[in-house]
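Just below is one structure, and these are the notes that go with it.
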Amino acid sequence: MGKRVAVVLAGCGVYDGSEIHESSAVLVHLSREGAQAEVYAPDVDQMHVVDHVKGQPTQEKRNVLVESARIARGNIKDLAKLDVKGLDALIIPGGFGVAKNLSTWATQGKNCTISKEVEDVLKAFHAAKKPIGLCCISPVLAAKIFPGCELTVGHDTECEKWPYAKTAETMKELGCKHVNKHVTEVHVDVKNKLVTTSAFMCNAPIHEIYDGIGKMVKEVVRLA
């Protein structure tokens with residue numbers, strides 16, 4: 001029987017939800033590893049809706065669970081119904097939805113709050129010593145909840161290739177150890193069973209992002 005892995009989404013689209021390519025890569029790599037993905041999302045309104053052509057917020061309102069269902073092809077459950085007992089691991093892909101709909105990181109940075117449902121799920125997997133995979137911006141959730149943990153969001157020096165490197169500095173301010181890694185690499189915090197990779201925090205070709213997520217998924221399944 002393959003491992004059962006919860007995948008928590010935050011909407012559909014990089015600027016206001018889950019990053020679609022990262023989410024898809026997670027699901028493809030889980031399938032390749034013989035694992036069974038169970039997709040969840042919170043039944044809440046998005047912080048806002050962004051026009052992905054203009055990159056500007058609109059007046060529209062959308063629901064995180066309803067939007068995430070697009071990626072899950074309708075096979076999705078309300079995050080409130082997640083039961084850690086029947087699951088072997090947790091993966092949260094990136095996208096601004098993590099910083100807007102699962103937490104307030106986008107507006108408050110290190111002083112953010114994390115949605116209670118999301119925090120409870122992360123703490124439940126951690127307490128059960130079950131592995132957690134995080135990519136792109138989603139490692140900030142662990143930085144906020146598990147002080148002293150080891151994570152990567154890529155590199156900590158800003159440049160054209162690493163436009164979001166300041167995130168690493170903020171995570172260090174929260175008391176985490178940030179480990180610089182290339183986009184095709186992962187960092188494994190053995191003690192906390194956290195597996196992280198930078199994904200679209202790096203301005204890299206999409207196949208390298210896909211490969212890095214593949215390594216993250218492989219490690220998560222191995223640890224499960």
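None of these values were measured; they are calculated from a predicted model. All residue numbers in this chain count up from 1 along the given sequence.
N192 places no side-chain N or O within 3.5 Å of a backbone atom of L194 that could act as its donor or acceptor partner. No donor-acceptor pair closer than 3.5 Å links the side chain of T197 to the backbone N or O of C135. Of the possible donor and acceptor atoms, one in the side chain of E22 sits under 3.5 Å from a partner among the backbone N and O of G94. Side-chain atoms of S23 come within 3.5 Å of backbone N or O of E19 as a donor-acceptor pair. Side chain of K193 to main chain of K130: no donor-acceptor pair is present (N/O by atom type, distance under 3.5 Å, no hydrogens or angles). Under a 3.5 Å cut-off, the side chain of S18 and the backbone N or O of A10 do form a donor-acceptor pair. A donor-acceptor contact shorter than 3.5 Å links the side chain of T104 to the backbone of T113.
Of all the heavy atoms in V153 and M201, the pair that sits closest is O-CB, 3.5 Å. Counting all heavy atoms, side chain and backbone alike, P93 lies closest to V98 at O-CG2, 3.3 Å. Scanning both residues, V183 and A199, for their nearest heavy atoms gives CG2-O, 3.7 Å. Summarising the geometry of I20 relative to G13, their closest heavy-atom pair is CG1-N, 3.8 Å, with the distance given to 0.1 Å. L141 approaches I114 most closely through the heavy-atom pair O-CD1, 3.6 Å. The two residues C136 and G95 come nearest to each other via the heavy atoms SG-N, 4.2 Å.
Pairs of residues two or more places apart, or lying in two chains, that qualify as side chain to side chain donor-acceptor pair (under 3.5 Å) and include a residue from residues 88-103 are H48-K100. Sequence neighbours left out, not one pair with a member in residues 56-83 passes ring-ring contact (aromatic ring centres under 6.0 Å, His included). Residue pairs meeting the ring-ring contact (aromatic ring centres under 6.0 Å, His included) criterion with at least one member in residues 158-191, sequence neighbours excluded: H155-W162.
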For residues 76-86, dump all side-chain donor-acceptor pairs below 3.5 Å to protein atoms at least two apart in sequence or in another chain.
unit_1	atom_1	unit_2	atom_2	d
K77	NZ	E38	OE1	3.3
D78	OD1	A80	N	3.0
D83	OD1	K85	N	3.2

Donor-acceptor contacts under 3.5 Å from residues 202-221 side chains, at least two apart:
unit_1	atom_1	unit_2	atom_2	d
N203	ND2	E160	O	3.4
K215	NZ	T184	O	2.9
K218	NZ	E33	OE2	3.3
E219	OE1	R222	NE	3.2
E219	OE1	R222	NH2	2.7
E219	OE2	R222	NE	3.4

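Residues that satisfy the ring pair (Phe, Tyr, Trp, His ring centres under 6.0 Å) test with H21, not counting sequence neighbours, are absent from this structure. Residues forming a salt bridge (Lys or Arg N to Asp or Glu O under 4.0 Å) with E158 (at least two apart in sequence, or on another chain): K166. Remark: K161 engages no residue in a salt bridge (Lys or Arg N to Asp or Glu O under 4.0 Å) (not counting sequence neighbours). Remark: K61 engages no residue in a salt bridge (Lys or Arg N to Asp or Glu O under 4.0 Å) (not counting sequence neighbours). Residues satisfying the salt bridge (Lys or Arg N to Asp or Glu O under 4.0 Å) criterion with K172, sequence neighbours excluded, are D156, E169.
Residues L65 and P42 have side chains not in contact (no heavy-atom distance under 4.5 Å, counting atoms from C-beta outward). Inter-residue side-chain proximity for V39 and V8 is flagged as unmet; no heavy-atom pair is nearer than 4.5 Å. The closest side-chain heavy-atom distance from L90 to V121 is below 4.5 Å.
Y15 belongs to a hydrophobic cluster with V14, V50, F96, counting contacts under 4.5 Å between side-chain heavy atoms of Ile, Leu, Val, Met, Phe, Trp and Tyr, direct or through other members. Its side chain within the 4.5 Å cluster rule, V64 clusters with V44 among the Ile, Leu, Val, Met, Phe, Trp and Tyr residues.
For the atom pair I145 CD1 and L174 CG, the distance stands at 11.0 Å (nearest 0.5 Å). Distance check, rounded to the nearest 0.5 Å: CG of L134 to OG of S198 gives 13.0 Å. Here the OG1-CG distance, from T157 to N180, works out to 6.5 Å after rounding to the nearest 0.5 Å. Of the inter-residue distances, the one linking I137 atom CD1 with I92 atom CD1 reads 12.5 Å to the nearest 0.5 angstrom. To the nearest 0.5 Å, atoms CZ (R62) and CD (E67) are separated by 4.5 Å.
Both V186 and L27 belong to a single network of hydrophobic side chains, linked directly or stepwise wherever heavy atoms of I, L, V, M, F, W or Y lie under 4.5 Å apart. No path of Ile, Leu, Val, Met, Phe, Trp and Tyr side chains, each step under 4.5 Å between heavy atoms, connects I91 with F125, placing them in separate hydrophobic clusters. Note on F146 and V195: separate hydrophobic clusters, where clusters join Ile, Leu, Val, Met, Phe, Trp and Tyr whose side-chain heavy atoms are under 4.5 Å apart, directly or indirectly. Cluster membership for M171 and L102, using ILVMFWY side-chain heavy atoms within less than 4.5 angstrom, is shared.
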Go through the steps for L151 and K177 under the test side chain to side chain contact (heavy atoms under 4.5 Å, CB included), then give the verdict. CA-CA 6 Å; L151 303 161; K177 181 184 177 190; over 6 Å; no

Quick one, D16 with H52, criterion side chain to side chain contact (heavy atoms under 4.5 Å, CB included). Give me CA distance, side-chain angles, the key distance, then yes/no. CA-CA 9 Å; D16 59 11; H52 278 56; 3.5 Å; yes

